[in-house]
Amino acid sequence: MEFRDLKKQYQVLRKEMDRAILEAVASGAYIMGPQVKELEKQLADYVGVKHCLTCANGTDALTLALKAWGIGPGDAVFVPDFTFFSSAEVVPLEGATPVFVDVCEDTFNIDVADLERAVQEVLSEGKLRPRVVVAVDLFGLPADYQAIRAVADKYGLLILEDGAQGFGGTIDGKRACSFGDIATTSFFPAKPVGCYGDGGAVFTDNDEWAALIGSYRIHGKGQFKYDNVRIGMNSRLDTVQAAVLQVKLKAFADYELDAINVAAEKYTERLQDIVATPIIPAGFRSSWAQYTIKLQDSAQRDGLQAALKAEGIPSMVYYPKPMHLQTAFAQTPDQVGGDGINVIPGLTGNLCPVATSLCARVLSLPLHPYLTEEQIDTVCNAIRKVLR
Ligand SMILES: *Cc1c(COP(=O)(O)O)cnc(C)c1O
């Protein structure tokens, strides 16, 4: 059994996919070919925003957003403590300071009460300016944007939606990557919509930021390619990957997103009486980047993972370490290390207990649009056998 069966997906899409890839290769327009522009239009239309700019990966997409906003030294950027490293990594890369915020036990997403507490602590300490909140749509579930927007408005924060895992999710029918002032996604192969390599995209309704991102992603270009008006990056999506994504986006919108929701519901039906299954709030829909259950403690989690492995069932721990315990953040300027816990001076109470506890208890199960009912039964029976 595969954790996310990309080979099976290729078999299903093979005819269309081979044609799209060969066409891109034969065209000779390998960088910024017509497929890139077409895809950007399709992505913007799907999400429901004015501008989509593709780039080399989801991490660069976050960096491009911070650059467009001029985030730098002295700026505080609030990041959930339970996420993939990139969400926070891009902040010190721009010279700004990440401030870690705890998450909700039920949704795995940023805890808005703790966000407000963290903003107030930064303000009362008076060393950093609160500028941005990175709201992550973890495991495919959009964050609580209504509540985040209220806090952001109150304190003048910009919302950067990290939709690397959230593409396709919705709140009351409105699609992920449309909630942030700027939103980003990733086309890493295992994400809800993945290419055959690295890729990413930035979304915004704002004309000025879109123009800046268009410049930053191509060496800070001005009027033309060899007119360079700012220090930028080389961060484009290859034409071949855009061709791959055109085929994948169609399959995703036509049936894959529905199929993965059906598979996730089957897991929940079969497991909810025996283990803590994912909770999707009313009005929300997930794109199920992961199906993540919660065990009682790390011993039970590790035991279950070993038992599944013995039966040939892959599972993953997303994520084993909260951001504030990552070694790299010990080296971030403005942060102090103490007992291995790195916090902004003055934020000593901020140990993110929920995120830390989740890291010990979570386990993500095999999930993809092509998972069969028999495979779901195999996984659930194995889990029931261990936990009974
Ligand atoms: C995967 C991921 C990223 C980074 O995307 P890449 O394309 O791998 O650079 C950023 N944030 C989150 C939450 C992710 O899961």
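Both ligands and their constituent atoms are indexed starting at 1 by order of listing.
Between Arg384 and Asp273 there is a salt bridge, with a side-chain nitrogen of the basic residue lying less than 4.0 Å from a carboxylate oxygen of the acidic one.
Less than 6.0 angstrom separates the ring centroid of Phe329 from the ring centroid of Phe85. Between Tyr291 and Phe139, the distance separating the two ring centers is not shorter than 6.0 angstrom.
Within 4.0 Å of ligand 1, the residues that place a heavy atom are Asn57, Gly58, Thr59, Thr83, Phe84, Ser86, Ser87, Val136, Asp162, Ala164, Gln165, Ser186, Lys191, Gly199, listed by chain and number.
Tyr370 and Tyr255 have perpendicular rings, their planes meeting at more than 60° on a 0 to 90° scale where under 30° would count as parallel.
The shortest side-chain heavy-atom distance between Ile159 and Val132 does not fall under the 4.5 Å cut-off.
Residues in residues 195-210 take part in these salt bridge (charged side-chain N to carboxylate O under 4.0 Å, His left out) pairs, two or more places apart or across chains: Lys50-Asp207.
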